[in-house]
Every structure is written in structure tokens, then in C-alpha cells.
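Here is the naming used below: chain letters follow the sequence lines, and residue numbers restart at 1 for every chain.
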Amino acid sequence: MNTKVSINEQIRLILIENSEVLFGIKIDENLIQFQKTRKEVEGDVTLVIFPFVKALKCSPIEAGNKIGDFLKEKLNSIASFEVVSGFLNISINSIYWIEQLKVIEVDPLFGFDSPNSKSTVMVEYSSPNTNKPLHLGHLRNNFLGYSVAEILKANGHKVVKTQVINDRGIHICKSMLAWDKFSPLNDKGERETPENTGLKGDKLVGKYYVEFDKQFNAEAKDIISLWENGDFSNFPSSIIEEFKKLTDSKEGKDEKAIKGIDDKIKDLAKNETTLLREAKEMLVKWEARDPQVYLLWTTMNSWVYSGFDVTYKSMGVDFDKLYYESDTFILGKDIVIEGLQKGVFFKKEDGSVWIDLTEDGLDEKLLLRSDGTTVYMTQDIGTAVDRYKDYSDLSGIIYTVGNEQDYHFKVLFLILKKLGYSWAENCFHLSYGMVDLPSGKMKSREGTVVDADDLMHEVIDKAGALTAERGHLEGMTKEDINTLCRTIGMGGLKYYLLKVDPKKRMMFNPDESIELNGNTGPFIQYAYARINSLINRSGGIQSYNSIELKEEEREIIKLLIEYPTVVKEAGKMYSPAVIANHIYELVKSFNQFYQAVPILIEENQDAKNLRLELSKNVAKVIKSSMKLIGVEVPERM
RNA sequence: GGCUCCGUAGCUCAACUGUAUAGAGCACUACAUUACGGCUGUAGAGGUUUAAGGUUAGAAUCCUUACGGGGUCACCA
């Protein structure tokens, strides 16, 4: 018997080879479709008969019986079959399944392609903004990107994990300016630093970014009230005209429209603030490498990076290569200028550079401002080109970025293509949905952002409380227990965020994420710990003879065999959720088996050893799957 | 408004990309266990897959329209 080729594949081959005998014609390979056998029906493998009905010119039942008889003749692992409406349900004998189990047992990399056997792929994720501490959305991003990288490795790819750090631009100048202006001096005459405040660096900088926004809005409000009181001194006439025009247009409008107009007035006023003017001046100085500004910039960035490092470590993610926008934007600018000469882009009379994408159903897009400074898109072009320079063998870049940027990436990839980069079509935007909270949407302005560090702490603490209450902690050191709580808390969090299809918007319920029942990380971790304990108590697994399998055992082997297919599927779809769903199914089946079938107390040694080996391989696949989604499994809990 | 994504049990999610009676978990109801780890298992109840048409042997899935929701349309990133 051939144990290397799956039973489905064997059936497929037989049908293709003998199609002329069976059907009288050569059949298309795509007509052979398998699907999962429904639980209510007898059988292990299901072949869909409908596609063959025409060729055989008979009813689905007759066709099914004909094909079934033929297959049974050819394959001795087929025990019996049954035709239900258009489905041929084939039962495979126990010997086949046990052989399969033995194949899994001896394969240390079961489910994986041999490492580095395929092309190199770059996976970008995280991509933070140095102004803002990481939040709940970044957790989904980081876990997703990291997991996809692991899954691609499992599929044999070489993977370069990367992030692009958004460390330049007007927004960065805002927090620098705010710190410079508003940070109080302590008794030693120093401004606030992570050292003298004890604040995490990213949190400190984030604080000043918020401070800027606060002061900025206050100033804008003052300007508006000046205007409303008819005080237009110090403002250019064009602004005054615009303000009057907007105010007049409010006449007779509904509430919503008035709010829109008010926002426009606010924007107008914001442009007139000294704070924004100073921030803009700072950006110009930065681009001119003014020493003082540059020093402030590097100092504050170093605070942020050391803060991020702590957070990444807690998350359990890492990177092979970092890109900084401060390095790539110049290249982006050069490319745009080159593209302008080639006629890909055009210049407006004010000197700004654009691309016209209206023929592709998109809009015009700005690439360089009239003052010559770059925008987000320019930087992304530079970064992409830079990456292909650094890694000439890249077969693709995966950008893990939220779906609010769908349009941006559509445009980016199109521009790269128009610039003549053939690799542009290998760029893929791994777009994921927003994370909602039961209390509603996260909004930084309303302070409803859930901080990543806080959330991780909370989850670990709760895991600690639950473990103290229900865990099996005898003989564990305090340190072991802390590690365990981290494993459980972070496992729950990661699993919760990754079990949902990445593309979909999802609801994050903090309480549910650390729930130990249901489709959760700890539920799966528990199954692992329990099997581990079972194996330890067994005193070793002896070789055994084949026996007739019980339904529960057969079910588990089928799920185990599917694992390699699941890994491939997850790689193809860039979806950790595929892995999570499969492992959950496996664990549920294992629990059913465990409940229904005795193991250690089983007297038949063949049965006992088979069940132990089965359990051991379930544990192996749990561990392997969980690793792919970045979750650790505890030996005991 | 243009473009785009989405709408499945009370709630959170599945459904192998078109196939059998649309599945899980939570919550709810009723059970099981002298036990190899009860963070378990079994059973029940809960659905016109937003609506109306269409395509076909077959539709939650594809097409059209409507309704409802998100995102995006910056010389922000």
C-alpha cells in the first residue's frame, strides 16, 4: 500500500487513468471534487457525483454505484461505500488510517515544506508612527504579520520580516515642538525625559503629541472667535473672504451640513495658527538638517524606539530588517523626479507633481508638494524600490496594513507598475479589518484608544488570577508561574485576534478573550497540557498491532492528516484563521475521544498504545499549529 | 455624492470559494462523571443567511436592484 499518497489523491489518479473505461471519455481533472463527509453519514471520503452524471448518462445513484464498485475493485483500502443522492461516501479500513498515523509519527516536520525550499518573501507589519504608542489595532496587525511570516516559512519560503518606521513628516515635528515648548522644567532645569519621569519613551512622546493637538485646537478656537467678533486684523484678505463665504453658506442648511462647514472653518483657522506655522518651519529645518532640530529628533526617536522594543518583546514579535522613512523619502523623491522627466507624472503651475490615474478609474494623486517636500506616497515608492535593491531575489512583498488604506495601496501598486517596475504585480496588500470594542469605535480624539501595553498587562493579570484559582501549580516556582500566566494571557489574546478571518472587521471583547471556555487559546493550551500529562504518566509508548478503530479515533486521524493541506491553504490565503479553526476542530474531537474512550486504564495493550500515540500526535500538531499563530503551549497549567 | 468592503442564531464567529438537513462557541434549559487533569462531554432550544428578483441540476456564496452599516475620496500619515 502506498502510504505517501493520500487516499483522495489515489482515488483521483485511478479515476483519471481509467476515465475512458469508466466514462467513455477523457474527463477533466476539475470534475473530481471531494468534500468533507457529513457526520450523519457513514464514510470517510466523499466524492461528488453530479459532475459525472452527464458522461455516464444515468442517475446520480447509478453513477455513484458504478464508480464506487470500480474503486473498491482497485483499492484494497476501501472497506465499503454508500451512495446518498449525488454523493459517494467511501469508508476506508482501519489499517489505512493506522498506517497514516505512523507516517505522521515519524515526520518531525509534519505539515511543513522543507525550510528555504521556496522563494524569498518579505512581510511588512507593524509600521508604527513614532508619535503614538501602539494600540489594540497594532496588536492585530503585529500578530497577523508575524503569523503570516511563520506560515510562509512553514510553506518553505524564506521570509524577511520588516517594518517601515514612519519617523518623519509634519506630525513628528508637532510632538517635537510641543515637547520643546510645553515640557515643564524640573528642579535641575531639565525637561521631561523617560529617565526623569519614569515614563516609557513612546508614552512620553505620545503625551506631547496629544498636548500639541490640545494647544493647537485651543489656538484655532481663539482665532475663530476673533473672526466671529469681526476682528480680521493680522489675517490676509483671502482668508477673510473665505471665512465670510463659508459663514454665509450656513444659511438655511441642516445641522449636519452646518457641522461640515464649521469643520472647514476650523481647518481654515488651524492654518493660521502660530503652532502649525512653527511646526512647518521645523519640518523645513529638519529637511535642511538643521543641527539643533536634528538632535532633538534623534533624541526623541530613541526614546520611542526603546519604548517600542519593550512592547514588541511583550508581543513576541521581531523583525529582520528595518526601514526608516527618513532614509527612503529622498529616494522616493528622486524616482518621482525621474518619472516626471519620463512623462509618467506631470507638474501643475504651482510646482506640485501629480499622476493622473483617471483612465484607470482612479483620481489624480499628489506626489510632491508645491514646496518640493514629499508625501506618504512618495516615501512608499522609495521604500518599495529600496527593498528590491536590498533583496534582489524577492518574489513578493506583503504589506500588512489596515483596510482603511485599500485605496492607497491600489494607487501605490499602480504607480509602481507605471514606473516600469515589473515586480509591482508581486506586491500584495494584506488588508485587515478594524477592531471594534463593545463600547464602540476606538477614537484617539475621544480617548477611547486601548493601549497595547495596558491590554497585555490586563490579560496576563487575569490569566494569573484564574490560574491561581484553578491551575495545577504544585511544585512550580514563582518564576514558572509568571511565565505560565504570560503564556496563557498572551495566548488567549493572540488566538482571539487571529481566529477571525483577517479581512473581516471584528469585535474585540476583552473579557471574552481571556475566557477559558469555548473557542479560545487557553482551551487549546489546556488540551495540550493534559495530553502532556497523560503521556508522562503512561511510562512510554510501545509498538502495537493494528486494531479496528473506533469512530472517535478515526475522526482524529482524519483531522491530523488534513494538517499539511491546512498549512498550505493558510499560506495561500495569508490567513492564520485557517490554522486556528482547524486546531480548534482537532481539539474538540480530541476532547470527545478523551471523554468517550479509556486510555491509560485500557487493558488491550494494542488499543492503549495506539491511543497514546494518537494523543501524542494530537499534541504535536497542536504545538506546531499554535507556533504558527505565535502562541506558546505550556507543558502543564 | 463617487469608489470600495460588509450584512449568517440574542451575542461573537464558521461554512473547504457553487453542493446533502447552513455549523461552532458564549448565554439559556436538561443531563453525565466512583475518571487517564471537570478549564470536560452529551442532549435540547435558538435561522425564510437584510429584502426582492435573476443565473442552474444545485446559491449564504455568482449577477441586478433596494435597504442598512463601515472605509475612503487631503499639498495628513
Q: Taking atom P of rG71(B) as reference, at what distance in whole Å does atom CG of D406(A) sit?
A: 13 Å

Q: What is the distance, rounded to the nearest whole Å, between atom CG of L367(A) and atom C1' of rC76(B)?
A: 15 Å

Q: Run the ring-ring contact (aromatic ring centres under 6.0 Å, His included) check on F413(A) and Y399(A) step by step: do they pass?
A: CA-CA 11 Å; F413(A) 299 156; Y399(A) 291 83; 5.6 Å; yes

Q: Please tell me whether H408(A) and Y376(A) form a close aromatic pair, meaning their ring centres lie under 6.0 Å apart.
A: yes

Q: Looking at rG37(B), I'd like to know if its phosphate oxygens (OP1 or OP2) sit under 4.0 Å from a side-chain N or O belonging to R537(A).
A: yes

Q: Summarise how protein sits on nucleotides 40-46 of chain B as a single string, 5' to 3': B when a protein heavy atom is under 4.0 Å from the base, S for sugar-phosphate-only contact, - for no contact.
A: BSS----

Q: Is it true that R168(A) and T374(A) share a donor-acceptor pair across their side chains at a distance under 3.5 Å?
A: yes

Q: Using a 4.0 Å heavy-atom cut-off, does T46(A) contact any base of the nucleic acid, only the sugar-phosphate backbone, or nothing at all?
A: base

Q: Hey, are S175(A) and N131(A) close enough side-chain-wise for a donor-acceptor pair under 3.5 Å?
A: yes

Q: When you compare rC76(B) with rU12(B), how far apart are their P atoms, in angstrom units rounded to a whole number?
A: 38 Å

Q: Checking all strands, does P598(A) fall into the base, sugar-phosphate, or nothing category for heavy-atom contacts under 4.0 angstrom?
A: base

Q: Compile the donor-acceptor pairs under 3.5 Å between side chains in residues 599-608 of chain A and protein atoms, sequence neighbours left out, one pair per line.
A:
| from | atom 1 | to | atom 2 | distance (Å) |
| --- | --- | --- | --- | --- |
| E602(A) | OE1 | R611(A) | NH1 | 2.8 |
| E602(A) | OE2 | N604(A) | N | 3.1 |
| N604(A) | OD1 | D606(A) | N | 2.8 |
| N604(A) | OD1 | A607(A) | N | 3.1 |
| Q605(A) | NE2 | E603(A) | O | 3.4 |
| D606(A) | OD1 | N545(A) | N | 3.0 |

Q: Rounded to whole angstrom, note down the C1' distance from rA57(B) over to rA45(B).
A: 35 Å

Q: May I ask you to check whether N141(A) and Y432(A) show a side-chain donor-acceptor distance below 3.5 Å?
A: yes

Q: Return the set of residues passing salt bridge (Lys or Arg N to Asp or Glu O under 4.0 Å) with E124(A) (not counting sequence neighbours), or none when no residue passes.
A: R387(A)

Q: Tell me, which of residues 353-365 of chain A have any heavy atom that sits under 4.0 Å from an atom in RNA chain B?
A: W354(A), D363(A)

Q: Test of understanding: with salt bridge (Lys or Arg N to Asp or Glu O under 4.0 Å), list the residues that count as partners of E469(A), not counting sequence neighbours.
A: none

Q: Scan nucleotides 9-18 of chain B against the protein and return all N/O pairs shorter than 3.5 Å with their distances rounded to 0.1 Å.
A:
| from | atom 1 | to | atom 2 | distance (Å) |
| --- | --- | --- | --- | --- |
| rC13(B) | OP1 | M507(A) | N | 2.5 |
| rA14(B) | OP1 | D501(A) | N | 2.7 |
| rA14(B) | OP2 | K504(A) | NZ | 3.1 |

Q: Could you tell me the separation between the NZ atom of K348(A) and the P atom of rA74(B), rounded to a whole number of Å?
A: 11 Å

Q: Pick base, sugar-phosphate or nothing for E585(A), based on heavy-atom distances below 4.0 Å to the nucleic acid.
A: nothing

Q: Can you list, pair by pair, the side-chain donor-acceptor contacts under 3.5 Å of residues 352-359 of chain A, counting residues two or more places apart and other chains?
A:
| from | atom 1 | to | atom 2 | distance (Å) |
| --- | --- | --- | --- | --- |
| S352(A) | OG | D350(A) | OD1 | 2.7 |
| S352(A) | OG | W354(A) | NE1 | 2.8 |
| D356(A) | OD1 | T358(A) | N | 3.0 |
| D356(A) | OD1 | T358(A) | OG1 | 2.6 |
| D356(A) | OD2 | T358(A) | OG1 | 3.4 |

Q: Taking only residues at least two apart or on different chains, which pairs with a member in residues 576-593 of chain A satisfy side-chain hydrogen bond (donor to acceptor under 3.5 Å, both in side chains)?
A: R530(A)-N591(A)

Q: Please report, rounded to the nearest Å, how far the C1' atom of rG70(B) is from the CG atom of D436(A).
A: 9 Å

Q: Between rG41(B) and rG25(B), how far is it from one P atom to the other, in whole Å?
A: 8 Å

Q: Hey, does A529(A) reach any base, or is it just sugar-phosphate, or nothing, if we go heavy atoms under 4.0 Å?
A: base

Q: Select one nucleotide: of rA20(B), rG71(B), rC76(B), the one nearest the side-chain heavy atoms of R369(A).
A: rC76(B)

Q: At under 4.0 Å between heavy atoms, what does N532(A) touch on the DNA or RNA strands: base, sugar-phosphate, or nothing?
A: nothing

Q: Quote, to the nearest angstrom, the C1' distance that separates rC5(B) from rG44(B).
A: 38 Å

Q: Once salt bridge (Lys or Arg N to Asp or Glu O under 4.0 Å) is applied, do any residues pair with R277(A), and if so which ones, sequence neighbours excluded?
A: E281(A)

Q: How close or far is atom P of rA77(B) from atom CZ of F409(A), stated in whole angstroms?
A: 14 Å

Q: If I pick the C1' atom on rA60(B) and the same atom on rA15(B), what distance separates them, to the nearest angstrom?
A: 9 Å

Q: Please state whether the phosphate of rA77(B), meaning OP1 or OP2, lies under 4.0 angstrom from any side-chain nitrogen or oxygen of R168(A).
A: no

Q: Determine which bases of RNA chain B form Watson-Crick or G-U wobble pairs with both distances under 3.5 Å, and write the result as a 5' to 3' dot-bracket string with | for other-strand partners.
A: (((((((..((((.....[...)))).(((((.......))))).....(((((..]....))))))))))))....

Q: Rounded to whole Å, please give me the gap between CG in D213(A) and P in rC76(B).
A: 15 Å

Q: Please measure how far the P atom in rG54(B) lies from the corresponding atom in rU40(B), and state the result in whole Å.
A: 48 Å

Q: Among side-chain atoms of D406(A) and S431(A), is any donor-acceptor pair under 3.5 angstrom?
A: yes

Q: Distance check, C1' atoms only: rC62(B) and rU17(B), in whole angstrom units.
A: 11 Å

Q: Round to a whole Å and report the spacing from CZ of F329(A) to C1' of rA77(B).
A: 15 Å

Q: Taking only the side-chain heavy atoms of S533(A) (C-beta and beyond), determine which of rA77(B), rC36(B), rG37(B) contains the nearest atom.
A: rG37(B)

Q: With K572(A), which residues qualify under side-chain contact (heavy atoms from CB on, under 4.5 Å), at least two apart?
A: E569(A)

Q: Are side-chain N/O atoms of N8(A) and S6(A) paired as donor and acceptor at under 3.5 Å?
A: no

Q: If you measure from the C1' atom in rA51(B) to the same atom in rA77(B), how many Å do you get, rounded?
A: 40 Å

Q: Quick one: list whatever passes ring-ring contact (aromatic ring centres under 6.0 Å, His included) with F34(A), sequence neighbours left out.
A: none

Q: In whole angstroms, how far is the P atom of rC5(B) from the CG atom of N403(A)?
A: 11 Å

Q: So, do I172(A) and W297(A) sit near enough that their side-chain heavy atoms are less than 4.5 Å apart?
A: yes

